[in-house]
Amino acid sequence: MEAYIGEADQASHARFGPTARNAVMYGEPGRAYLYLVYGMHTCLNVVTEPVGRPAAVLVRAVHLDAGVDAARALRRRQESRLKRFRRDPALAGALEARLAATPRERLASGPGLVGAAFGLDPALTGLDLCDPRSRLRLEAGALGPGERIGTTARIGIDYAGHPWVDRPWRFVIAGDPAASGPRRLA
DNA sequence: GCAAGGATATCG
DNA sequence: GATATCCTTGCA
């Protein structure tokens with residue numbers, strides 16, 4: 001995951017102040033903020049700070065312990081909607097083969113892949129991720145034996161410039177094959 | 001290395 | 001309204 005904190009953070013969607021898109025970042029913590037990136041991928045964020053302080057954590061990858069078949073089915077359904085697959089039936093077959101060959105650690109190993117594997121949509125923005133009745137929710141977890149969390153710089157935010165590009169605000173289970181981006185730490 | 005892909009923020 | 005940009009991915 002990656003943290004984006006405050007309007008001063010030049011990598012955050014809040015850097016331009018409140019807008020229609022990022023409004024939920026200014027609201028209650030524990031809500032979902034989902035947005036479309038590069039015209040095709042839905043990214044999941046969790047609002048993290050009290051009302052009035054825009055901040056969120058981007059979920060860059062999920063290590064699936066269950067629901068592997070469901071994740072494959074959702075990815076197939078979601079990705080086959082992309083224009084290039086609708087245009088070319090042969091590509092759709094290739095997608096099927098690629099998904100079948102994708103190990104569980106790689107089914108949700110990227111922010112866009114998390115969105116696809118969970119069947120997420122920007123319309124879910126505002127969902128209370130702490131409400132046990134929500135279709136999508138956060139639950140307490142624990143690190144496995146021998147697992148440790150390390151930090152790195154955030155990914156894909158070169159436009160932010162210094163010092164933001166260097167902030168160690170990406171958090172990753174060291175060596176986790178389900179992580180996206182660098183898994184080994186300096 | 002780069003195209004795909006559409007919403008967004010900013011400028012005119 | 002036009003345009004540059006984007007918290008990405010998979011294939012050349």
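These numbers were taken from a predicted model, which means no experiment stands behind them. Chain letters run A, B, ... following the sequence lines, proteins first and then strands; every chain starts at 1.
- The closest donor-acceptor contact from the side chain of A/Arg106 to the backbone of A/Ala179 lies under 3.5 Å.
- With hydrogens and angles ignored, the 3.5 Å screen pairs a side-chain donor or acceptor of A/Gln78 with a backbone N or O of A/Leu120.
- Partner of A/His13 under the ring pair (Phe, Tyr, Trp, His ring centres under 6.0 Å) criterion, out of A/Tyr26, A/Tyr4, A/Tyr35: A/Tyr35 alone.
- Linking Ile, Leu, Val, Met, Phe, Trp and Tyr whenever their side-chain heavy atoms come within less than 4.5 Å puts A/Val37 and A/Ile157 in one cluster.
- Residue contacts shown for A/Arg154 are absent, as no nucleic acid heavy atom lies under 4.0 Å away.
- Residue A/Leu129 holds its CG atom at 6.5 Å from CG of A/Leu44, rounded to the nearest 0.5 Å.
- Atom CD1 of A/Ile149 is separated from atom CG of A/Leu143 by 4.5 Å, given to the nearest 0.5 angstrom.
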| message | Protein within reach of the bases, or only the backbone? For nucleotides 4-12 of chain B, mark each nucleotide 5' to 3' as B, S or -, using heavy atoms under 4.0 Å. | response | BBB-SSS--
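- If you check every strand for non-hydrogen atoms under 4.0 Å, A/Ile157 touches sugar and phosphate atoms only.
- No donor-acceptor pair closer than 3.5 Å links the side chain of A/Arg60 to the backbone N or O of A/Val172.
- Nucleotides of DNA chain C lying under 4.0 Å from heavy atoms of chain A occupy a range whose first and last members, 5' to 3', are C/dC6 to C/dC11.
- Toward the 5' end of DNA chain C, the nearer of the two residues A/Leu91 and A/Tyr4, judged by each one's closest nucleotide, is A/Tyr4.
- Of the possible polar contacts, one joining the A/Arg15 side chain to the A/Ser12 backbone as a donor-acceptor pair under 3.5 Å is found.
- Counting only Watson-Crick and G-U wobble pairs whose two key distances fall under 3.5 Å, DNA chain C forms stems of three or more stacked pairs at B:1-4 with C:8-11, B:6-11 with C:1-6.
- Checked by atom type and distance alone, the side chain of A/Thr42 never pairs as donor or acceptor with a backbone atom of A/Asp121 at under 3.5 Å.
- Mapping A/Arg75 and A/Arg15 onto DNA chain C by nearest heavy atom places A/Arg15 at the nucleotide closer to the 5' end.
- Residues A/Val68 and A/Leu99 fall within the same hydrophobic cluster, defined by Ile, Leu, Val, Met, Phe, Trp and Tyr side chains chained together at heavy-atom separations under 4.5 Å.
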